[in-house]
Amino acid sequence: MKRAEQVLGVVLLLFAIYIGRESSLIESGAEFGMGPGFMPLWLAVGLGITSAALLVRAVVIPARLFDPAFFADRAGGVRVISLLASYLLAILLMKPLGMPLSLAILTAATMPVFGSRNWKAIALTAILTLFGVYLVFGRWLGVPLPMGVLEEILPIY
């Protein structure tokens, strides 16, 4: 298991370097560097930091402290399949329902997979996701989102 984390750390670090390099080549043309390459660059920085931490952890900690099993148990497999099904559902609903609504449904579907059992918190988070995506990307940043059934209710422009 230690070797797997070392390999994963190296692969993710190389991927972060690649993303950072490619995003720095994007012509921004915007003030303060807040162009199309801004978010990928900072995501690459975050991925680089976390992958470096994973790599350092995998090198420093003795092998006896790592779990010997690589594969998850049955419950872990069900959670992974549930997440994949939730993402697929969100992709399928994106065009007819729109991005904000499909991401709200994705949030509501994935929170129980991660252990949340409070349905009020799940509903509130889904509603905040819907309006947060709409307000930040649609209104504030002016990104043309697929709005689906919300086209008439929540105009972007």
Side-chain angles (χ1 to χ4, degrees), residues 4-5 7-58 72-157:
E5 288 199 23
V7 170
L8 180 65
V10 169
V11 168
L12 288 177
L13 188 58
L14 291 173
F15 187 57
I17 292 169
Y18 172 74
I19 292 172
R21 182 183 173 283
E22 290 298 316
S23 65
S24 69
L25 297 176
I26 298 173
E27 301 253 349
S28 117
E31 294 181 35
F32 309 113
M34 296 280 295
F38 180 79
M39 186 171 173
L41 177 67
W42 287 105
L43 286 174
V45 169
L47 179 62
I49 291 170
T50 54
S51 60
L54 175 70
L55 184 59
V56 167
R57 178 184 174 275
D73 57 350
R74 181 177 171 91
V78 169
R79 282 195 301 271
V80 169
I81 291 171
S82 298
L83 283 175
L84 291 174
S86 298
Y87 284 118
L88 182 61
L89 178 67
I91 291 169
L92 293 174
L93 294 177
M94 190 91 50
K95 187 163 182 140
L97 296 183
M99 182 173 265
L101 196 54
S102 66
L103 289 179
I105 292 169
L106 175 67
T107 301
T110 56
M111 283 182 69
V113 173
F114 287 115
S116 179
R117 300 292 181 248
N118 185 346
W119 289 102
K120 290 179 184 177
I122 292 172
L124 179 65
T125 305
I127 291 169
L128 289 175
T129 299
L130 187 146
F131 287 109
V133 167
Y134 168 71
L135 290 174
V136 170
F137 291 101
R139 300 296 290 179
W140 183 37
L141 295 175
V143 175
L145 300 173
M147 294 298 286
V149 296
L150 299 175
E151 188 79 38
E152 302 300 321
I153 301 168
L154 298 173
I156 288 185
Y157 305 108

Run V10 and L55 through side-chain contact (heavy atoms from CB on, under 4.5 Å) and show every step you take. CA-CA 7 Å; V10 169; L55 184 59; 3.8 Å; yes
Trace of the side-chain contact (heavy atoms from CB on, under 4.5 Å) decision for L145 with V133: CA-CA 9 Å; L145 300 173; V133 167; 4.1 Å; yes
Applying side-chain contact (heavy atoms from CB on, under 4.5 Å) to L8 and L54, what does each step give before you reach the verdict? CA-CA 8 Å; L8 180 65; L54 175 70; 3.8 Å; yes
Please lay out, stage by stage, how T50 and L47 fare under the test side-chain contact (heavy atoms from CB on, under 4.5 Å). CA-CA 5 Å; T50 54; L47 179 62; 4.3 Å; yes
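Closest of all the heavy-atom pairs between A90 and S102 is O-CB, 3.7 Å. Here the closest non-hydrogen pair linking S86 and T110 is CB-CG2, 3.8 Å. Residues G20 and L41 come closest through the heavy atom pair O-CD1, 3.9 Å. In terms of heavy atoms, S82 sits closest to V113 at CB-CG2, 3.8 Å. Here the closest non-hydrogen pair linking P100 and L150 is CB-CD1, 4.5 Å.
Note that CG of L97 is 11.5 Å distant from CE of M147, once rounded to the nearest 0.5 Å. I91 contributes atom CD1, which lies 6.5 Å from atom CE of M94 (distance to the nearest 0.5 angstrom). Note that the OG1 atom of T129 and the CD1 atom of I105 stand 11.5 Å from one another [nearest 0.5 Å]. Distance check: L84 CG to R79 CZ gives 13.0 Å after rounding to the nearest 0.5 Å. Put simply, CD1 on I127 and OG1 on T107 are 11.5 Å apart, with the number rounded to the nearest 0.5 Å. Rounding to the nearest 0.5 Å places CD1 of I122 at 7.5 Å from CZ of R117.
No side-chain heavy atom of M99 sits under 4.5 Å from any side-chain heavy atom of Y134. Y87 is listed as a side-chain neighbour of L106, based on a closest heavy-atom distance under 4.5 Å. For the pair L130/L103, no side-chain contact is recorded, criterion being any heavy-atom separation below 4.5 Å from C-beta on.
Remark: of the listed residues L14, L12, V56, L12 is the sole one forming a side chain to side chain contact (heavy atoms under 4.5 Å, CB included) with S51.
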